[in-house]
Every structure is written in C-alpha cells, then in structure tokens.
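Notes follow the structure.
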Amino acid sequence: MKHEELDAALDSFGDALASATRVTPGNALRPEDIAVDGVAPSEEVARYALTLGDDALILAQRLAHWISRAPELEEDVALGNIALDILGHARSFLTYAGLAWDKTEDDLAYWREEEEFTSLWIVEQPNGHFGVTIIRQLIVSVFQHLLYRQLASSQDETLAAIAAKAVKEVDYHRDHAIQWTIRLGQGTEESAEKMRHALEILWPYVDEMFRDEAVHQNLDSIAVRPSTLRAAWQEEISAVLAQAGLQVPATGQAMAFGRRGEHSEHLGYLLAEMQVLARKHPGASW
C-alpha cells in the first residue's frame with residue numbers, strides 16, 4: 001500500500017494523537033498499520049498472537065490500577081507509562097489476531113467471556129502491596145524481554161515487527177523492576193520482608209510461563225517455545241535476587257492452565273470492570 005493510501009486509510013481511525021498508544025516514534029509498526037494492511041494470519045498464528053495479546057492486556061489493566069495510588073508521584077507516572085506501553089503491545093497482537101476472524105481489537109478485549117481468554121495466571125494476580133507489583137513486573141518483564149527479543153526474528157513479518165518495537169520498551173520495564181527489587185531488598189527490614197512475601201505469593205505461577213502448549217506446536221521459526229527461555233530467565237532472575245539479598249522461595253507450583261481458558265478466581269472480577277462500559281453502551285466511542 002502506498003504512503004498516500006495508508007495515510008488516507010488511517011484517517012478512518014480519527015486523530016492519530018488522540019490515544020497515547022497510537023503515538024509511535026520513528027517507523028515502528030502501530031496497531032492501526034496492522035489493521036489497514038489487512039494481511040490476516042493463519043488460524044495457528046492468530047491463536048498464538050492471541051496468547052501474547054491477552055497477557056499484555058490483562059497486565060496493563062492490573063498496572064493501570066496504580067494510577068493515583070502509587071507510593072510517590074514519580075512512580076505513579078512510571079507505572080502509568082509502563083501500563084500504556086504494554087497496552088500498546090496488546091493492541092497490536094489483538095489487532096493482528098483479529099484479522100483471522102474478522103474481529104477488531106475491541107471485539108477481542110471486550111466481547112469475550114472469561115474462558116475464552118488465554119492469559120497466564122501470573123498477570124491475573126492482584127496488585128497486592130507495592131512489592132507484589134514489583135516482583136510480578138520483575139518476573140514478567142524479564143520473561144517478555146527474552147521472548148520478544150527472540151520473536152523479533154520470527155518468519156512471520158508482523159509478529160517480528162511487533163516484537164521488535166515491544167522489546168525496546170520492555171527493556172525499560174525490566175530495568176525499572178530490577179532497580180526497585182534491589183532497592184527494596186536491600187532497604188529496611190520491613191521492605192525486605194515484603195519482597196520475600198511477594199516472592200512467596202507469586203513464585204507458584206512461574207512454571208506456567210515456561211510450559212509449551214498446543215498453541216506453540218506447528219509454529220517452528222514463527223513462535224517461541226516458552227520452555228527454551230527458562231534457563232536464561234532463571235540465570236537473570238537469580239542474579240537480581242542475589243544482588244537484592246533475596247532468595248527463591250521453597251514453594252510448590254500452582255496447577256495453572258490459563259492458556260487453556262482455565263483461570264484463577266481473579267480474572268472474572270478484572271474482566272467485569274474492564275468490560276462493563278463497552279457492554280453497557282455497545283458501539284459507544286469517545
């Protein structure tokens with residue numbers, strides 16, 4: 001599609017500056033570009049993109065709850081910006097997946113039932129105290145950084161482009177979580193105790209991140225098998241925890257199967273809040 005045709009088509013999305021997630025520096029791929037381009041993925045690729053989009057969407061929703069509640073103003077802004085970055089990743093993955101089923105990102109975000117979501121349990125967990133949110137960000141952002149860095153070489157050009165943009169932003173999220181983990185782990189006895197508490201709460205959901213599922217089959221050179229990321233993730237997390245004076249807790253692993261639509265008790269409440277406006281006023285727009 002020529003640049004003039006693309007610009008005209010993008011006009012149908014309204015003011016390009018109306019949403020923070022529509023602002024993309026340089027020539028990085030935007031959700032609107034994916035929608036206008038209209039190159040639909042195969043059913044298998046769409047199912048894979050849906051898993052990545054659901055993880056990002058639910059995590060962004062969780063982080064957005066910190067806006068106006070963070071322990072200090074600067075952190076309020078930081079968590080809000082991280083949430084917006086991750087929401088942007090969700091929009092791209094869901095837009096791409098939706099092309100396979102003639103659905104929009106909004107259709108997939110607001111008009112699916114709980115059992116149709118494929119998010120990991122760890123992103124569904126409540127924010128808890130600040131330490132819980134930081135440990136969750138540490139676990140997930142290190143995982144996503146490894147994932148997107150490898151996915152940027154996918155033979156699927158759209159997935160590769162989304163990942164290439166996302167990995168640069170997740171690099172900052174990862175650094176933010178690492179710095180806070182070290183600061184709180186080496187802080188007061190109270191802050192260190194809260195970080196140990198956060199690890200005990202969230203560690204049971206680690207195994208699920210690295211479980212290869214049916215959705216990863218038959219996508220060699222396109223998808224990233226999560227199991228291939230575990231060794232590098234473990235090495236990096238162990239180094240951060242050691243620097244923070246923290247240890248991996250001796251906890252069992254939860255029987256979590258979010259990829260199969262079986263979710264923790266927390267997702268239903270989150271979806272009820274996230275979807276209420278769209279369902280109460282179908283077709284409404286800003």
Would you say that [X] contacts [Y] through its side chain, given a criterion of any heavy-atom pair below 4.5 Å between the two side chains?
X	Y	result
Ile34	Ser92	yes
Arg279	Trp111	yes
Gln247	Leu241	no
Val140	Leu120	no
Val248	Leu199	no
His216	Glu44	no
Ile67	Leu79	no
Thr158	Pro41	no

Any chance you could measure [X], atom [atom1], to [Y], atom [atom2], to the nearest 0.5 Å?
X	Y	atom1	atom2	answer
Glu43	Asn218	CD	CG	12.5 Å
Leu159	Tyr48	CG	OH	7.0 Å
Asn127	Ile134	CG	CD1	10.5 Å
Leu267	Glu114	CG	CD	5.0 Å
Glu200	Thr251	CD	OG1	7.5 Å
Leu184	Arg196	CG	CZ	12.0 Å

Exercise. Is Arg62 salt-bridged to Glu124, cutoff N-O under 4.0 Å?
Worked result: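 So Arg62 does not pair with Glu124 through a salt bridge.
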
For this session: Evaluate the ring planes of Tyr205 and Trp121, with Trp represented by its six-membered ring, and classify them as parallel (under 30°), tilted (30 to 60°) or perpendicular (over 60°).
Result: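 It falls in the tilted class, 30° to 60°.
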
Problem set entry | salt bridge (charged side-chain N to carboxylate O under 4.0 Å, His left out) between Lys168 and Asp171, worked out | CA-CA 5 Å; Lys168 298 174 185 174; Asp171 193 24; over 6 Å; no

Problem set entry | Derivation and outcome, salt bridge (charged side-chain N to carboxylate O under 4.0 Å, His left out), residues Glu213 and Arg259 | CA-CA 8 Å; Glu213 296 279 1; Arg259 294 288 189 239; over 6 Å; no

Problem set entry | Least distance between heavy atoms, Ala152 atom then Ala163 atom |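 Residues Ala152 and Ala163, closest heavy atoms: N-CB, 3.7 Å.
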
For this session: Considering non-hydrogen atoms only, spot the tightest contact between Trp233 and Phe143 and give its length.
Result: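 Scanning both residues, the minimum pair turns out to be CD1-N, 3.5 Å.
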
Exercise. How far apart are the C-alpha atoms of Asp207 and Arg230, what are their side-chain angles, what is the distance that settles it, and do they pass the salt bridge (charged side-chain N to carboxylate O under 4.0 Å, His left out) test?
Worked result: CA-CA 9 Å; Asp207 267 4; Arg230 181 143 198 171; 2.6 Å; yes

Exercise. Do His145 and His173 have their ring centres less than 6.0 Å from each other?
Worked result: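 Aromatic pair excluded; centres sit 6.0 Å or further apart.
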
Exercise. Are Phe130 and Trp66 an aromatic pair by the rule of ring centers under 6.0 Å?
Worked result: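 Close enough - the centres of the two rings lie under 6.0 Å apart.
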
[X] atom [atom1], over 12 foreign heavy atoms within 6.0 Å:
X	atom1	value
Phe257	CZ	yes
Glu72	CD	yes
His197	NE2	no
Tyr172	OH	no

Exercise. Have His89 and Glu169 got a donor and an acceptor in their side chains that come within less than 3.5 Å?
Worked result: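 Yes - a donor-acceptor pair under 3.5 Å links their side chains.
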
Exercise. side-chain contact (heavy atoms from CB on, under 4.5 Å) between Glu105 and Leu57: does it pass, once the steps are laid out?
Worked result: CA-CA 10 Å; Glu105 54 180 294; Leu57 177 67; over 6 Å; no

Problem set entry | Cation-aromatic face contact Arg112/Phe117, 6.0 Å, 45 degrees |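 Satisfied, under 6.0 Å and within 45°.
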
Problem set entry | Short side-chain to backbone donor-acceptor contact, Glu262 and Met255, under 3.5 Å |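 A pair under 3.5 Å: no.
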
